Protein chains: 2
Amino acid sequence: MNIGDAAKATNLSPKTIRYYESINLVIADRLSNGYRDYADAHIHKLRFVQRARGLGFSIEDCRALLSLYEDRNRASAEVKNIAQKHLEEIEAKINELQDLQETLSHLVAHCAGDHRPDCPIMDGLSGTVHETAKGTSKLH
Amino acid sequence: MNIGDAAKATNLSPKTIRYYESINLVIADRLSNGYRDYADAHIHKLRFVQRARGLGFSIEDCRALLSLYEDRNRASAEVKNIAQKHLEEIEAKINELQDLQETLSHLVAHCAGDHRPDCPIMDGLSGTVHETAKGTSKLH
DNA sequence: CATAGGGATTCCAGTGACTGGAAGGTCAAG
DNA sequence: CTTGACCTTCCAGTCACTGGAATCCCTATG
């Protein structure tokens, strides 16, 4: 199975599959013409990574999860540990974004949004206005 | 005022301030020795950008907002438009993350997390298990 | 006056996870 | 034999910085 078919089978792009190989995540065999060759085991690994990425795991998490996936003697505790950490990061980010949402939606709600220059959003950004007791939020 | 003091006054790093200048966002004057020189107007702009970034606006949004900030004849509608779009992106991302959180927290909750290899998280990632009717989520 | 330090300057490279595009090799069909 | 669809590699760009190297400038002290 060549890379195009592997792409269809995994819902990844050929580019992404080549990228995964370049970082030694999933390495295909090669045919005599230099083309990559994908067997079922490769497809399973790629689909595994595709799902893990879809759940927001980083590539390094995927690498760790993949090696646990291949390990018949793994402890589920190791898997759970990775997933738990990731879940906490997601929850932290949700909280961050909800804070931003709250601040922004208030500003937006109070802006007339007409031809006049007066604008509570601008006032908020320029510090004209008393800040809410949040501390400056940082994304990422 | 040189860049170190400007950094303290704006809660940005000198690196970041130089970066902002390199992308023509906030351009300082120069002293005869080549040092950047920051006047009050520069500091106000930098603080404005710092707050906007803190609310998650992209640099390009900041650029647009800054030019509206400087425009005495702006229409608040333009500001609101930018903020509204950004707010919608934030809300979309919150929804995405909440979907992930739900899926992940279920998987994590059902994993024993002990020395045994059996693991519902792994089952979920390997596609062993029936998927919930969500469609594959994509992060960005 | 030499020197030591703490600034400042520029430029290059790296981050994460791809994606786009160029230049070229391979294969099956007509 | 040509066409077109595929494959290969490599380089560059994304976003918003951040780290680090090499060099320069300013002030204070011995």
Side-chain angles (χ1 to χ4, degrees), chain A residues 1-38 42 46 48-66 86 89-90 93 96 100 136-140, chain B residues 1-38 42 46 48-66 86 89-90 93 96 100 136-140:
Chain A
M1 197 188 233
N2 62 22
I3 202 171
D5 294 328
K8 276 162 205 152
T10 58
N11 208 24
L12 293 165
S13 71
K15 280 266 182 196
T16 300
I17 296 177
R18 279 188 209 105
Y19 170 69
Y20 287 167
E21 184 169 303
S22 80
I23 59 171
N24 296 312
L25 193 59
V26 179
I27 297 154
D29 297 333
R30 293 289 178 137
L31 299 173
S32 54
N33 61 10
Y35 284 22
R36 288 174 180 81
D37 186 31
Y38 294 87
H42 297 116
L46 286 171
F48 181 94
V49 173
Q50 195 268 340
R51 287 202 191 84
R53 293 285 304 125
L55 285 174
F57 285 102
S58 71
I59 290 285
E60 287 318 305
D61 279 349
C62 291
R63 197 188 297 282
L65 289 169
L66 210 43
H86 179 46
E89 284 168 17
I90 286 172
K93 188 156 249 163
E96 245 178 45
L100 297 189
T136 306
S137 48
K138 268 186 199 171
L139 281 188
H140 179 53
Chain B
M1 196 188 238
N2 62 22
I3 200 168
D5 294 328
K8 275 162 206 153
T10 58
N11 209 27
L12 293 165
S13 70
K15 279 267 183 196
T16 299
I17 296 177
R18 280 188 208 104
Y19 170 69
Y20 287 167
E21 184 169 305
S22 80
I23 59 170
N24 296 312
L25 193 60
V26 179
I27 298 156
D29 296 333
R30 295 287 179 139
L31 299 173
S32 55
N33 61 9
Y35 284 21
R36 289 173 181 79
D37 187 31
Y38 294 87
H42 297 116
L46 287 170
F48 181 93
V49 172
Q50 196 268 341
R51 288 202 188 85
R53 293 285 303 127
L55 284 176
F57 285 101
S58 70
I59 291 284
E60 286 319 303
D61 279 349
C62 290
R63 196 188 299 281
L65 289 168
L66 254 188
H86 179 48
E89 283 167 18
I90 286 173
K93 187 156 248 162
E96 247 178 44
L100 297 188
T136 306
S137 48
K138 268 185 199 173
L139 282 185
H140 170 58

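Bear in mind the structure is a predicted one, so any value in this text is a computation, not a measurement. Within every chain, numbering begins at 1; the chains are lettered A, B, ... in the order of the sequence lines, protein sequences first and strands thereafter.
Taking atom CD1 of residue A/I23 and atom C1' of nucleotide C/dG14, one finds them 16 Å apart after rounding to whole Å. If you take CG of A/L31 and P of D/dC6, they are 17 Å apart, rounded to a whole angstrom. In this structure, NZ of A/K8 is placed 13 Å from C1' of D/dC7, rounded to the nearest angstrom. The CD atom of B/E21 sits 17 Å away from the C1' atom of D/dA16 (whole-angstrom rounding). Look at CD1 on B/I17: it is 15 Å from C1' on C/dT9, rounded to the nearest Å. One atom, CD of B/E60, and another, P of D/dA16, lie 7 Å apart when rounded to the nearest Å. We find that CE of B/M1 is positioned 15 Å from P of C/dG7, with the value rounded to whole Å. For B/R18 and C/dG7, the CZ to P distance is 12 Å, given to the nearest whole Å.
Here A/R63 contributes atom CZ and A/L65 contributes atom CG; the two are 12.0 Å apart, rounded to the nearest 0.5 Å.
In this structure, of C/dT19, C/dT26, C/dA8, it is C/dT26 that holds the atom nearest to the side chain of A/Y35. Counting only heavy atoms from C-beta on, B/R53 has its side chain closest to D/dC17 among D/dC6, D/dC17, C/dT10.
In terms of heavy atoms, B/F57 sits closest to B/D61 at CD2-OD2, 3.7 Å. The two residues A/I3 and A/R36 come nearest to each other via the heavy atoms CD1-CD, 4.1 Å. Of all the heavy atoms in B/H42 and B/D29, the pair that sits closest is CE1-OD2, 3.7 Å. In terms of heavy-atom proximity, A/S13 sits nearest to A/A7 at C-CB, 4.2 Å.
The base of C/dG16 lies outside donor-acceptor range of the side chain of A/Y19, with no N or O pair under 3.5 Å.
When each of A/D5, A/T10, A/L46 is paired with A/Y38, the side-chain contact (heavy atoms from CB on, under 4.5 Å) condition holds for A/L46 and for no other.
Mapping B/K15 and B/S58 onto DNA chain D by nearest heavy atom places B/S58 at the nucleotide closer to the 5' end. Checking A/I59 against B/R36, the closest nucleotide of DNA chain C that is more toward the 5' end is the one next to B/R36. The nearest heavy atom of DNA chain C to A/S13 and to B/R30 marks one nucleotide each, and the one closer to the 5' end goes with B/R30.
In this structure, B/T16 reaches the D/dT18 phosphate: one of its side-chain N or O atoms is under 4.0 Å from OP1 or OP2. The shortest distance between the side-chain N/O atoms of A/N33 and the OP1/OP2 oxygens of C/dC27 is below 4.0 Å.
Rounded to 10°, the angle separating the first-five-pair axis and the last-five-pair axis of the helix from C/dC1-D/dG30 to C/dG30-D/dC1 equals 40°.
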Problem - salt bridge (Lys or Arg N to Asp or Glu O under 4.0 Å) evaluation trace for B/E96 with B/K93 - result: CA-CA 5 Å; B/E96 247 178 44; B/K93 187 156 248 162; 5.8 Å; no

